[in-house]
Asks: 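Please see the structure below; I have some questions.
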Amino acid sequence: MDVVFTLLLIAHLVGLMLVAAAFLPLLGMMGQAGAAPQTNRLLTRFGHYGIIVLLLSGPLLIWVRYGGFDGVSHWFWAKMGFVLVLAAGVVTSAVSARRMRAGDAAATARVRLGRIVAVVSLLAIVVFAVLAFN
């Protein structure tokens with residue numbers, strides 16, 4: 001089972017990289033409060049694929065390593081809480097992106113907020129994953 005676990009972990013980390021890559025444009029516009037965030041459809045698509053990979057590989061990793069969710073630490077559940085926060089940030093940003101491109105200032109603020117929430121939660125997910133599995 002170590003080979004299966006290793007392959008799943010590789011897939012999980014690749015998924016994490018894809019999600020992180022989707023937020024790279026955020027770093028370029030952090031100091032530009034007046035400018036609309038830029039959207040890169042390819043990076044956004046990578047992020048969506050990354051989330052799918054994470055959602056599939058994560059439970060499989062737990063199942064292969066521990067045989068189920070019994071006995072996982074409270075850090076793991078904190079990590080999962082931030083996964084939900086990440087999803088909320090991504091959905092907020094994605095739903096508002098079309099209106100933002102049409103010039104809606106309120107939608108621009110929602111896209112920016114959704115991305116910031118998603119990036120912060122992504123960092124928290126990594127921190128809590130280390131605490132949960134170290």
Asks: List the atom of Ala11, the atom of Ser57, and the distance in Å for their closest heavy-atom pair.
Replies: C-OG, 4.4 Å

Asks: Return yes when atom CH2 of Trp77 has more than 12 non-hydrogen atoms of other residues, nucleotides or ligands closer than 6.0 Å, and no otherwise.
Replies: yes

Asks: Could you state the interatomic distance from OG1 (Thr92) to CD1 (Ile116), rounded to the nearest 0.5 Å?
Replies: 12.5 Å

Asks: Can you tell me how far CZ of Phe128 sits from OG of Ser73, rounded to the nearest 0.5 angstrom?
Replies: 10.0 Å

Asks: Would you kindly confirm whether Val119 and Val127 end up in one hydrophobic cluster when ILVMFWY residues are joined by side chain heavy atoms under 4.5 Å apart?
Replies: yes

Asks: So if I apply the side chain to side chain contact (heavy atoms under 4.5 Å, CB included) rule between Ser93 and each of Val111, Val117, Leu113, Thr44, which one comes out positive?
Replies: Val111

Asks: How many angstroms lie between atom CZ of Arg115 and atom OG of Ser96, to the nearest 0.5 angstrom?
Replies: 10.5 Å

Asks: As an exercise, state the distance from CG of Leu55 to CG of Leu60, rounded to the nearest 0.5 Å.
Replies: 11.0 Å

Asks: Might you point out which heavy atoms bring Met100 and Ala107 nearest each other, and give the distance in Å?
Replies: N-CB, 3.6 Å

Asks: Looking only at non-hydrogen atoms, find the nearest pair between Leu54 and Pro59 and report the distance.
Replies: O-CD, 4.1 Å

Asks: In this structure, would Val91 and Val85 fall into the same cluster of hydrophobic residues linked by side-chain contacts under 4.5 Å?
Replies: no

Asks: Going only through I, L, V, M, F, W and Y residues with side-chain contacts under 4.5 Å, is there a path from Val14 to Leu56?
Replies: no

Asks: CG/Leu9 to CG/Asp2 distance, rounded to the nearest 0.5 angstrom?
Replies: 11.5 Å

Asks: With under 30° as parallel and over 60° as perpendicular, where do the rings of Phe133 and Phe76 fit, or are they tilted in between?
Replies: perpendicular

Asks: Given side chains that start at C-beta, do those of His12 and Val53 come closer than 4.5 Å, heavy atoms only?
Replies: no

Asks: Quick check on the hydrophobic clustering: are Met80 and Tyr66 connected, directly or via other members, by side-chain heavy-atom contacts under 4.5 Å?
Replies: yes

Asks: Would you kindly confirm whether Met17 and Ile10 end up in one hydrophobic cluster when ILVMFWY residues are joined by side chain heavy atoms under 4.5 Å apart?
Replies: yes

Asks: Using every non-hydrogen atom in the two residues, find where Val19 and Ile51 come nearest and quote the distance to one decimal.
Replies: CG2-N, 3.5 Å

Asks: Considering all heavy atoms of both residues, which atom of Phe46 and which atom of Leu18 are nearest to each other, and what is their separation?
Replies: O-CB, 3.4 Å

Asks: Would you say CZ of Arg110 has more than 12 non-hydrogen atoms from neighbouring residues, nucleotides or ligands within 6.0 angstrom?
Replies: yes

Asks: Hey, are the side chains of Leu16 and Leu122 touching, using non-hydrogen atoms and a 4.5 Å cut-off?
Replies: yes

Asks: Taking atom OH of Tyr49 as the centre, does the number of heavy atoms from other residues, nucleotides or ligands within less than 6.0 Å exceed 12?
Replies: no

